[in-house]
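One structure is given below, encoded as structure tokens.
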Amino acid sequence: MDGVIDNLTNAINTWNDKLAEIWSLLTESPQDFKGGGIWNVIVSINGGLEAIGLALLVLFFVVGMVKTCTSLSEIKRPEQAVKLFLRFAIARGMVVYGMDIMLAIFDIVQGILSKIISTVGVGSASSTTLPQELIDAVNDCGFLESIPVWAVTLLGGIFITIMSFVLILTVYGRFFKIYMYTAISPIPLSASASEGTQSIAVSFIKSYIGVCMEGAIIVLSCVIYSAYLGSAPYVDTSASAITMVWTYIGEILFNMLVLVGTVKMSDHIVKDMMGL
């Protein structure tokens with residue numbers, strides 16, 4: 001019956017490994033992710049698009065100035081000239097120093113994330129383990145009784161493995177979105193040069209904040225899940241082996257589904273919380 005236990009143990013180990021990887025990813029910066037190779041590519045793309053962003057900045061500024069000022073005499077007014085100059089300077093600063101601004105936002109959110117972790121005193125996600133009572137019951141099964149037990153553990157192991165990869169893909173997806181926002185930032189930020197198009201830049205910044213905040217929601221989900229695991233699924237030792245296995249897998253799958261569902265909905269939760 002070692003094969004039956006091995007199926008379930010391997011699936012749970014995969015889940016624990018992915019959960020531990022998520023924890024390390026959430027506390028890692030984009031510059032350090034995968035050795036920094038991806039970040040170097042993003043920096044190069046951002047630098048290449050900066051020239052286009054500055055060209056668009058001038059275009060947006062001229063269009064906005066034409067729409068704002070009905071005549072040349074208005075531009076000559078000191079207050080109007082100062083206003084236009086400040087808008088242009090701020091917009092240029094956002095394009096040129098956009099990456100620094102976005103990294104500052106990321107660091108602020110990482111501070112929130114670190115505060116959550118230090119407050120609850122959890123340094124890593126809790127691991128799921130098979131109860132010894134369940135292992136003993138499976139090992140004591142006869143040949144005929146072991147067939148349905150094997151089928152249930154096989155299906156349970158497949159579902160656990162699938163959820164493990166769904167979970168880790170969601171966190172990797174957040175990292176990729178951060179890279180995409182950072183790489184393309186000069187283009188939408190250039191829209192801040194005009195009053196009529198500044199909503200594009202504002203929407204871009206708000207969306208980026210939302211992506212960063214997803215990390216805090218995912219950490220909260222893992223913290224709640226770890227606390228929830230404190231009350232391990234009940235194993236009725238008086239029941240048959242198939243009943244014990246079916247009940248345990250059902251409960252553990254439900255717990256995992258709650259975590260996966262919450263992590264998958266982290267972007268919607270952030271949008272609802274912050275009105276993004």
Side-chain angles (χ1 to χ4, degrees), residues 11-43 46 99-129 160-185 204-230 252 255-274 276:
I12 290 177
N13 287 340
T14 301
W15 170 267
N16 291 334
D17 290 342
K18 297 305 178 186
L19 209 55
E21 186 178 355
I22 286 172
W23 201 267
S24 64
L25 284 174
L26 291 173
T27 54
E28 193 172 21
S29 66
Q31 300 97 313
D32 299 329
F33 180 66
K34 296 298 180 182
I38 302 176
W39 180 251
N40 293 333
V41 174
I42 296 304
V43 171
N46 182 278
M99 181 174 289
D100 296 325
I101 294 171
M102 297 179 76
L103 285 176
I105 293 172
F106 181 84
D107 289 339
I108 291 171
V109 175
Q110 286 299 100
I112 297 171
L113 192 149
S114 300
K115 187 63 176 178
I116 293 172
I117 294 174
S118 61
T119 300
V120 296
V122 179
S124 61
S126 297
S127 299
T128 303
T129 55
I160 292 172
T161 303
I162 291 173
M163 286 192 291
S164 302
F165 283 99
V166 170
L167 199 63
I168 194 67
L169 282 173
T170 304
V171 179
Y172 270 98
R174 171 183 173 264
F175 249 113
F176 280 22
K177 283 191 285 185
I178 289 174
Y179 284 136
M180 291 176 187
Y181 273 83
T182 306
I184 205 74
S185 62
F204 175 80
I205 293 294
K206 288 171 66 177
S207 297
Y208 177 74
I209 293 173
V211 172
C212 293
M213 282 297 295
E214 286 177 27
I217 300 300
I218 294 172
V219 165
L220 279 173
S221 302
C222 292
V223 168
I224 295 170
Y225 175 78
S226 298
Y228 190 66
L229 279 185
I252 207 70
N255 296 344
M256 292 176 177
L257 275 171
V258 171
L259 177 60
V260 172
T262 306
V263 170
K264 287 288 290 179
M265 293 190 300
S266 58
D267 55 339
H268 297 291
I269 294 173
V270 170
K271 289 177 182 177
D272 292 338
M273 281 183 176
M274 305 180 65
L276 301 177

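We're numbering straight along the sequence, starting at 1.
Side-chain contact between Leu19 and Leu167 is present, with at least one heavy-atom pair separated by less than 4.5 Å. Using a 4.5 Å heavy-atom threshold, the side chains of Ile108 and Ile209 count as separate. Looking only at side-chain heavy atoms (C-beta outward), Leu259 and Met163 stay at 4.5 Å or farther from each other. Using a 4.5 Å cut-off on side-chain heavy atoms (C-beta onward), Phe106 and Met102 make no contact. Side chains of Ile252 and Trp15 form no contact here, defined as non-hydrogen atoms less than 4.5 Å apart. Side-chain contact between Ile22 and Thr170 is absent, with no heavy-atom pair separated by less than 4.5 Å. At least one side-chain heavy atom of Ile105 sits under 4.5 Å from a side-chain heavy atom of Ile205.
Nearest heavy atoms, Arg174 versus Val211: NE-O, 3.2 Å. Here the closest heavy-atom approach between residue Ile217 and residue Ser266 is recorded as CG2-CB, 3.8 Å. Contact detail for Ser221 and Thr262: the closest heavy-atom pair is OG-CG2, 3.0 Å. Taking each heavy atom of Met99 and Trp39 in turn, the nearest pair found is SD-CZ2, 3.9 Å. Closest non-hydrogen pair, Phe175 versus Leu25, comes out as CE1-O, 3.2 Å.
Aromatic rings of Tyr181 and Phe204 (six-membered ring for Trp) have centroids within the 6.0 Å cut-off, being under it.
The 12-atom threshold is exceeded at OH of Tyr172, counting heavy atoms of other residues, nucleotides or ligands nearer than 6.0 Å.
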Start with the C-alpha gap between Val171 and Glu21, add the side-chain angles, then the distance that decides, and say whether side chain to side chain contact (heavy atoms under 4.5 Å, CB included) holds. CA-CA 10 Å; Val171 179; Glu21 186 178 355; over 6 Å; no
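Distance check, rounded to the nearest 0.5 Å: CG of Leu220 to CD1 of Ile112 gives 10.5 Å. In this structure, OG1 in Thr161 is found 10.0 Å from CG in Asn13, a value given to the nearest 0.5 Å. Between atom CG of residue Leu169 and atom NZ of residue Lys264 there is a gap of 8.0 Å, rounded to the nearest 0.5 Å. Distance CG/Leu26 to CD/Gln110: 8.0 Å, rounded to 0.5 Å. Separating the CD1 atom in Ile101 from the OG1 atom in Thr182 is a distance of 12.0 Å, to the nearest 0.5 Å.
A side-chain donor from one of Ser185 and Asn46 sits under 3.5 Å from a side-chain acceptor of the other.
Applying the salt bridge (charged side-chain N to carboxylate O under 4.0 Å, His left out) test to every pair with at least one member in residues 207-224, sequence neighbours left out, gives these pairs: Lys177-Glu214.
The backbone N or O of Pro30 sits less than 3.5 Å from a side-chain atom of Tyr179, completing a donor-acceptor pair.
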